[in-house]
2 protein chains.
Amino acid sequence: MTNSGEITAGKILEAARQLIMRRGYSGFSYADISDAIDIRKASIHHHFPTKTDLAIAVVRQHREMFDTDLLTLQASGADALTQLRAYVGYWERCIADDSAPFCVAGMLGAELPALPDEVAQEVRAYFENFDKWLEEVLASGAKSKQLKLRGTAKSEAKLLVSLIYGAMLAARAYGNAELFKDVANDAIAQLSRP
Amino acid sequence: MTNSGEITAGKILEAARQLIMRRGYSGFSYADISDAIDIRKASIHHHFPTKTDLAIAVVRQHREMFDTDLLTLQASGADALTQLRAYVGYWERCIADDSAPFCVAGMLGAELPALPDEVAQEVRAYFENFDKWLEEVLASGAKSKQLKLRGTAKSEAKLLVSLIYGAMLAARAYGNAELFKDVANDAIAQLSRP
DNA sequence: CTTATCCTACCAACTAGTAGGATGGCAAAG
DNA sequence: CTTTGCCATCCTACTAGTTGGTAGGATAAG
């Protein structure tokens, strides 16, 4: 082995993640990754035989990162508001410094009808996972009276998912990173009791 | 002329709009349009020399439709709530019957960093136009005390844009057309006085 | 005659993916 | 310790198909 495959696979995943966030699934090619990191196209196919495999790996990695960060915080017993702020704060920073201007699952979600079935399935799984966490956090916050919900935890979760992903889209469309921060914080402020 | 160019150009625009809504700018090709309507690829280039030209025309047409429908309703003196409901109701129906499952500008907005500059500019113009209308409607509703805003008309407009486009994305990601209806109506209900 | 429309027949560049060979680490056999 | 063979990694070179776009001709309406 001239180099650890783990490292190379990681670099490929990171490059693919950046490309999907910015250009979408049909907007990037193996040649783009080849240009971004120092590797030949055929070597990418060695690690991820097809584009479908690569996209699935990117989404799965993103979900695992979410799980280790936020499901862990949840398990540690942090209160609902802290958890919500941790999640939103993450995206605020990523969008502000342009290190991750869009959730990879959100981008693929928009492209859903154009994706290979297996990728689409993985994207839906990401949203289910996110939705489940959000619902639990909202329900626990409502139970402890830290949060006031207008509807059920289920409906409020759907509303927040829409708002968060919509704010990402709007921030991009208006070329204004502040927009995400303003909208998301507004939504959280409204959930927390006065 | 074997056929009226106006009609052909219209059919091309409609096919392109459908394709962009479902697959995005980089997800469709001239061949897709050629398959959708009965025309050769080269003939599409006669009406829209480049893909950039075609995308610009699609967005511009969509904005013009918006203007004739909603700026006209506004000019006719309809109250704020009626205008908001007309806008949201339009998308509710389009998403429910799958005739327009996503706003073409929203899809392109997500892809913005991957678009040719001229197309990106047109997309931004669409959002500016939409934003301006929404802000005016909200301000007029607040003035007449028909609507209660939590912040300024400006900030509330940004929040609503996020919510609406996010709800489109979420409806697609969850494969649930009802979601858009629920989220959007919730938002409007909250704006209208009790 | 001019012009708009639409066509067949191209093109160079790019797409995802394959074939097969070079390198080199590592482990078992001697 | 050394040799042998294996296998992961990465490469060059290639493929068949698709991409956006062009050249130039046929048809027909004004």
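- In this structure, the nucleotide among dT8(C), dA4(C), dT19(D) sitting nearest to the side chain of A31(B) is dT19(D).
- For S43(A), the side-chain atoms get nearest to dC11(D) when compared with the rest of dG21(D), dC11(D), dA16(C).
- A donor-acceptor contact under 3.5 Å is formed by the side chain of K41(B) with the base of dG20(D).
- Distance from the side chain of A42(A) is smallest for dT18(C) among the nucleotides dT18(C), dA16(C), dT8(C).
- Ring geometry for Y25(B) versus F28(B): interplanar angle over 60°, hence perpendicular rather than tilted (30 to 60°).
- Rounded to whole Å, the distance from CD1 on I33(B) to P on dT18(D) is 17 Å.
- Paired with Y165(B) under the rule ring-ring contact (aromatic ring centres under 6.0 Å, His included), one option of F180(B), F102(B), F127(B) passes, and it is F127(B).
- Classification of E14(B) and R17(B) as a salt-bridged pair holds, one side-chain N sitting under 4.0 Å from a carboxylate O.
- Using a 4.0 Å cut-off, no side-chain N or O of H46(A) falls inside it from OP1 or OP2 of dG17(C).
- When heavy atoms are screened at a 4.0 angstrom cut-off, F48(A) is found touching no nucleic acid atom at all.
- Residue contacts shown for S29(A) are limited to sugar-phosphate atoms, with no base heavy atom under 4.0 Å away.
- Between the P atom of dT18(C) and the CD1 atom of I44(A) lies a distance of 14 Å, rounded to the nearest Å.
- Between H47(B) and dC6(C) there is a side-chain polar atom (N or O) within less than 4.0 angstrom of OP1 or OP2.
- Taking only side-chain atoms of T8(A), from C-beta outward, the nucleotide of dC10(D), dG21(D), dA19(C) with the closest atom is dC10(D).
- A salt bridge is defined here as a Lys NZ or Arg NE, NH1 or NH2 lying under 4.0 Å from an Asp or Glu carboxylate O, and D98(B) with R22(B) meets this definition.
- Summary of the strand contacts: Y25(B) and R40(A) both lie near DNA chain D, and taking for each the nucleotide with the nearest heavy atom, the more 5' one is attributed to R40(A).
- In this structure, Y30(B) atom OH and dA9(C) atom P are separated by 22 Å, rounded to whole Å.
- Taking the side chain of H45(B) as heavy atoms from C-beta on, and the options dG17(C), dC11(D), dG21(D), the nearest nucleotide is dG21(D).
- Rounded to whole Å, the distance from NZ on K51(B) to P on dC14(C) is 15 Å.
- Of all the heavy atoms in I33(A) and A16(A), the pair that sits closest is CD1-CB, 4.0 Å.
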